[in-house]
Number of protein chains: 2
Amino acid sequence: MTDGCDGEVTDDATDDAKADGGWTDAEEEIMLATYRALLEHGYAGLSISRIADELDKSKASIYYHYDSKDDLLGAFLAYAADRFQSSILTESGDDPREDLERVIEKLLPLRPDEEERQIQAVFLGLRGQAVTNATFREQFTELDEQLAATIREVVERGIDEGAFRDVDADRVAEHVLATINGAMYGRATSDRETAVAAVRVSLSSYLDAELRRS
Amino acid sequence: MTDGCDGEVTDDATDDAKADGGWTDAEEEIMLATYRALLEHGYAGLSISRIADELDKSKASIYYHYDSKDDLLGAFLAYAADRFQSSILTESGDDPREDLERVIEKLLPLRPDEEERQIQAVFLGLRGQAVTNATFREQFTELDEQLAATIREVVERGIDEGAFRDVDADRVAEHVLATINGAMYGRATSDRETAVAAVRVSLSSYLDAELRRS
DNA sequence: GTCTATATAAGGATAGAC
DNA sequence: GTCTATCCTTATATAGAC
């Protein structure tokens, strides 16, 4: 699982200047094509040919940048995780209770637009592979770890500031994360649309009861 | 997605008498071989050849019983869902609060044995496909619907009997189901083992706070 | 860096014997 | 019902020209 790049580490502007994350233009095009192919065909139907179809380049050019399909998939997961995380870990306001709602709304939007639905569908499709793919497992372990930490830190801040009761922040964070993940997962893999709304309501009332000082 | 059986509907004991669920012996052998193949190779690595390897029969014999791989997969999901449900919907005791804990422990065991882990891994692997497979989606929609109904009914019974406060049973059921599903999903697709324990503790304390009459 | 052409393997599915 | 043999398609991956 290398990045297919021949030792280019410096930051100076070459023809293929790396973007922030560390991908050349060509590589990013491949990542985007992979994303579109996953959307259309799902993980089970993903092939190098299908990715090439979404790209306006040939299959062989993909193998110039990535050693194998596994290599490409590993890179794609890193790419997707990077973008996913930076979309969640936004700036925080001054009310921790509002920050919690913001995180929840980001991860489990009440009315997701088409793009949000698609991103989550692709993500969950990949995550399903983590059951049998060790590399994927590690990535998702790290991702959940980060999300849990984010939630935990907001709760801890609320406690420190005196806005919340002195609860076990870790326990609350794991509860919230599991509930969000479960509802997200349910939304992507079933047609029980009303379930998400019920969970959102229940989660908010849980947090009010658990955190609010009386 | 037929069952590959030529109109046999009656119950009399033929040479290939159907078992309870409606599968002949040969079909059940194929289902078990499919299960083993999924365990070993995951959904993405599942092939008719691999199933035949787990069976002591040839690929062609599988096609005698099922028209296509899709057909077989549909049958397998029905088979697995059937067994999964009947393992959850066990007899209920007289204390609704204990019944809730029993359902939770069934779905999210604190210390799952190897078989429980495997069943959940296979299940989650299949569920991941529901993102892009309509037939799978319908099956998992139905399954979640049943689980939610089971939980809701226990809560409603508790309310009727005066053991619980008069909460919104549907809301509570959806919350519990999402939290269980999220933790189950996390356990199968990441290595955050302590997360499940935290969720179990938090879920119990949530139910105590939400349901207990004061 | 990208292309065309191709090697090689594996997969789904069928034919026809028993 | 099950087998062997086979067809056809698709997949991953590479070779070599430009």
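Below, chains carry the letters A, B, ... as their sequence lines are ordered, and counting in each starts from 1. Not measured: the values here are computed from a predicted model.
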Checklist outcome for this item: B/His65 atom NE2 is separated from D/dC3 atom C1', nearest whole Å, by 13 Å
Checklist entry - According to the salt bridge (Lys or Arg N to Asp or Glu O under 4.0 Å) rule, which pairs have a member within residues 172-189 of chain A, sequence neighbours left out? => result A/Glu174-B/Arg192, A/Arg187-A/Glu193
Checklist entry - For the side chain of B/Ile48, counting heavy atoms from C-beta on, which of C/dG12, D/dT14, D/dT12 is nearest? => result C/dG12
Checklist outcome for this item: OG (A/Ser190) and OH (A/Tyr185) are apart, to the nearest 0.5 Å, by 10.0 Å
Item to check | N/O (side chain, A/Ser61) to phosphate O (OP1/OP2, C/dG1) under 4.0 Å | outcome: no
Checklist entry - NZ of A/Lys57 versus P of C/dC3: gap in Å, rounded? => result 7 Å
Next on the checklist: At less than 4.0 Å, is any side-chain N or O atom of A/Tyr64 found next to OP1 or OP2 of C/dG1? Yes or no.
Outcome noted: yes
Checklist entry - Of all the choices, D/dT2, D/dA11, D/dT12, which nucleotide is nearest to the side chain of A/Arg50 once you look at every atom? => result D/dA11
Next on the checklist: How many whole angstroms separate atom CG of A/Asp70 from atom P of D/dT12?
Outcome noted: 11 Å
Checklist entry - Nearest 0.5 Å, what's the OH-CG distance between A/Tyr43 and A/Leu124? => result 15.0 Å
Item to check | Phosphate OP1/OP2 of D/dT14 contacted by A/Tyr63 side-chain N/O (<4.0 Å) | outcome: no
Checklist entry - Is any side-chain heavy atom of B/Pro112 closer than 4.5 Å to a side-chain heavy atom of B/Gln120? => result no
Checklist entry - For C/dT2, does either OP1 or OP2 sit under 4.0 Å from a side-chain N or O belonging to A/Ser58? => result no
Checklist entry - What's the CG-P distance between B/Leu55 and D/dG1, to the nearest Å? => result 14 Å
